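Data block below; observations after.
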Amino acid sequence: MAVITNEANAGQARTYPGRAAVISWIFFDWAAQPYFTLITTFVFAPYFASFVAPDAASGQAMWGFATAAAGLAIALLSPVLGAIADASGRRKPWIATFGALLVCGASAMWIGRPGDAGIIPWLLLSYAIASVGVEFATVFNNAMMPTLVPPEKIGRLSGTGWATGYVGGILSLVLVLGFLAANAQTGRTLFGLTPLFGLDPVMHEGDRITGPLTGLWFIIFVTPMFLFTPDYPAKRPVREAVREGLRELKQSLAELPQQKSLARFLLANMIYTDGLVSLFAFGGIYAAGTFGWDTIRIGTFGIILAFAGTFGAWLGGKLDDALGPKRVITGSMLILLLSVVAILLVDKDRILFVKVAPPVPDGPLFGAAAERAYLLLGCLIGAAGGPLQAASRTLLIRLAPKDRIAQYFGLFALTGKVTSFIGPLLIGAITAATASQKAGMAVLVVFFVAGLALLARVQEWDNS
């Protein structure tokens with residue numbers, strides 16, 4: 001049943017699609033989330049650092065450099081592609097194209113055999129290709145939001161999408177840890193089972209299968225969006241759209257200094273997103289190096305964080321509509337900042353300034369006090385990260401011109417990626433120079449402090 005509402009600024013009725021279209025759009029987050037959950041955070045990245053790379057510190061550094069390279073490519077191309085998509089009108093062809101890159105790049109990560117140094121360049125290239133694919137597909141998926149629900153429901157839609165994505169991440173982690181990835185010593189999964197499909201624990205095939213699984217998961221769950229969610233109508237042929245899109249992008253960039261709140265928000269987003277992406281990208285790697293966690297422990301940690309993230313994103317969506325996205329972003333960043341500072345004061349034998357017993361090798365799950373403290377801080381990060389990202393895209397929709405929404409989501413991705421190589425690069429460089437994971441992670445404090453300072457100068461207003 002379509003919903004008809006009045007647009008205050010347009011002074012005319014607008015028809016929105018029914019529930020099936022909205023739910024199908026929401027499932028894009030479900031489809032894409034396993035890439036971030038399984039590959040970049042809790043399973044494959046820690047596996048790469050611990051078993052493919054020569055050591056955890058060099059693995060963190062190499063992963064950081066690959067993340068930086070992908071981020072730079074995304075930053076340079078996002079606004080251009082967004083402008084072309086606005087000029088052409090269509091969103092789905094772009095989602096399909098970049099979704100294919102995600103599927104191909106992620107599936108190729110199966111090649112990452114343990115201890116095989118010769119495969120590292122190809123493995124990192126596959127990771128970069130998949131990262132480019134998922135980020136560009138997300139740009140065009142986000143740009144569909146204003147056509148799905150009235151402006152006063154955008155916050156709830158965004159928060160529900162993130163929460164649904166977290167649930168998808170939880171289920172994908174449960175599938176991997178319970179049925180596919182096994183401890184190399186015991187040969188058993190988290191559920192005490194022999195891995196399905198004869199996956200070899202010694203060769204870490206349960207960790208490596210996360211790549212092909214991510215690709216298959218995306219194909220299955222993104223399909224409803226293509227079938228049931230309406231696309232923008234086509235405006236002009238692709239060649240003409242390229243010329244028009246580039247012209248409009250040039251015009252938007254020239255006008256940006258006059259749109260002070262929007263410009264400040266994009267700059268703030270550039271900084272705090274860099275910090276958040278780096279925190280998520282290296283949280284599992286940091287835990288693996290600090291506490292010696294294996295895949296099952298890191299994955300269980302990820303499941304608990306995803307539950308916290310699901311609740312945080314759901315609650316954040318409601319607070320977004322009630323209080324406004326700027327307040328939600330500010331509160332989320334304060335939680336992240338305090339959590340990062342606390343994490344830097346936690347070590348395997350210390351919490352803040354208090355000595356504690358270190359973890360016992362092959363001991364009970366999260367049996368040490370320091371592990372439980374890290375788990376609690378991780379839950380705070382998970383609960384704050386979802387609302388931060390969901391409210392950020394809501395605030396952009398409020399600030400950006402509606403006829404150029406994909407272009408501004410391209411600029412949004414640009415500001416989220418143009419310096420996204422700096423965080424991983426700094427973490428990688430400082431970690432390599434000091435051989436200390438803690439020193440590398442300390443740089444994140446600067447990103448959140450600077451993001452808060454800039455966001456304070458953004459005037460929130462509704463451009464719908």
Side-chain angles (χ1 to χ4, degrees), residues 1-5 7 13-36 78 81-82 84-103 133-169 171 214-235 238 241 313-314 317 320-321 386 389-390 393-394 396-397 400 402-410 412-413 464:
M1 190 77 181
V3 177
I4 299 178
T5 188
E7 290 186 310
R14 177 168 183 175
T15 301
Y16 292 92
R19 180 173 296 181
V22 175
I23 293 174
S24 298
W25 178 88
I26 286 171
F27 262 84
F28 177 92
D29 284 314
W30 176 291
Q33 183 60 36
Y35 178 77
F36 303 103
S78 289
L81 292 173
I84 294 170
D86 274 331
S88 67
R90 304 287 301 281
R91 306 286 189 260
K92 288 184 181 179
W94 300 94
I95 297 173
T97 298
F98 292 111
L101 287 183
L102 163 62
V103 171
V134 73
E135 292 291 349
F136 281 145
T138 300
V139 166
F140 298 111
N141 183 70
N142 287 343
M144 300 176 76
M145 289 176 64
T147 64
L148 298 177
V149 296
E152 66 272 13
K153 295 183 179 180
I154 286 286
R156 188 175 305 177
L157 174 65
S158 187
T160 302
W162 279 107
T164 302
Y166 276 121
V167 174
L171 291 180
T214 294
L216 179 61
W217 185 285
F218 183 81
I219 291 171
I220 292 172
F221 292 110
V222 82
T223 299
M225 187 272 293
F226 284 101
L227 295 178
F228 303 114
T229 304
D231 201 354
Y232 281 70
K235 294 180 182 177
V238 174
W314 174 80
D320 189 328
D321 286 335
Q389 296 171 92
R393 64 184 180 185
T394 302
L396 178 77
I397 289 171
K402 293 297 177 285
D403 60 339
R404 287 179 276 174
I405 194 67
Q407 179 185 138
Y408 275 91
F409 265 114
F412 182 65
S464 62

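Fair warning: this is a prediction, and the values are worked out from it, not measured in the lab.
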(request) For Trp25 and Met144, work out which heavy atoms get closest and say how close. (result) NE1-CB, 3.9 Å
(request) Mind checking the OG1-CZ spacing from Thr147 to Arg91? Nearest 0.5 Å is all I need. (result) 8.0 Å
(message) Please find the pair of heavy atoms, one from Ala21 and one from Phe228, that lie closest to each other, and give the distance.
(response) CB-O, 3.4 Å
(request) Provide the closest heavy-atom pair for Ile219 versus Thr223 in the form atom of the first, atom of the second, distance. (result) O-OG1, 2.6 Å
(request) Report the distance from atom OG1 of Thr214 to atom OH of Tyr35, rounding to the nearest 0.5 Å. (result) 8.5 Å
(message) If you define the side chain from C-beta out and look only at heavy atoms, does anything of Thr97 sit under 4.5 Å from Leu101?
(response) no
(request) Check side-chain contact (heavy atoms from CB on, under 4.5 Å) between Val222 and all other residues, then give those that pass, not counting sequence neighbours. (result) Phe28, Ala31, Phe218, Met225, Phe226
(request) Please assess Trp217 against Leu171 for the test side-chain contact (heavy atoms from CB on, under 4.5 Å), listing each intermediate value before the final yes or no. (result) CA-CA 11 Å; Trp217 185 285; Leu171 291 180; 4.1 Å; yes
(request) State, to 0.1 Å, how close Lys92 and Asp231 come at their nearest heavy-atom pair, and which atoms those are. (result) N-OD2, 2.9 Å
(message) I'd like to know if the side chain of Asp321 and the backbone of Arg156 have a donor-acceptor N/O pair within less than 3.5 Å.
(response) yes
(message) What's the separation between atom CG in Leu157 and atom CD1 in Ile397, rounded to the nearest 0.5 Å?
(response) 8.0 Å
(message) Once rounded to the nearest 0.5 Å, what's the spacing between atom CE of Met145 and atom OG1 of Thr394?
(response) 5.0 Å
(request) Compare every heavy atom of Ser24 with every heavy atom of Ala20, then report the nearest pair and how far apart it is. (result) O-OG, 2.7 Å
(message) Restricting to non-hydrogen atoms, name the atom on Val22 and the atom on Leu148 that form the minimum distance, rounded to 0.1 Å.
(response) CG2-O, 3.8 Å
(message) Tell me every residue that passes side chain to side chain donor-acceptor pair (under 3.5 Å) with Thr138, counting only those two or more places apart in sequence or in another chain.
(response) none
(request) Could you grab the distance from atom CZ of Arg393 to atom CG of Asn141, nearest 0.5 Å is fine? (result) 7.5 Å
(message) Parallel, tilted or perpendicular, judged at 30° and 60°: which one describes the rings of Trp94 and Phe98?
(response) parallel
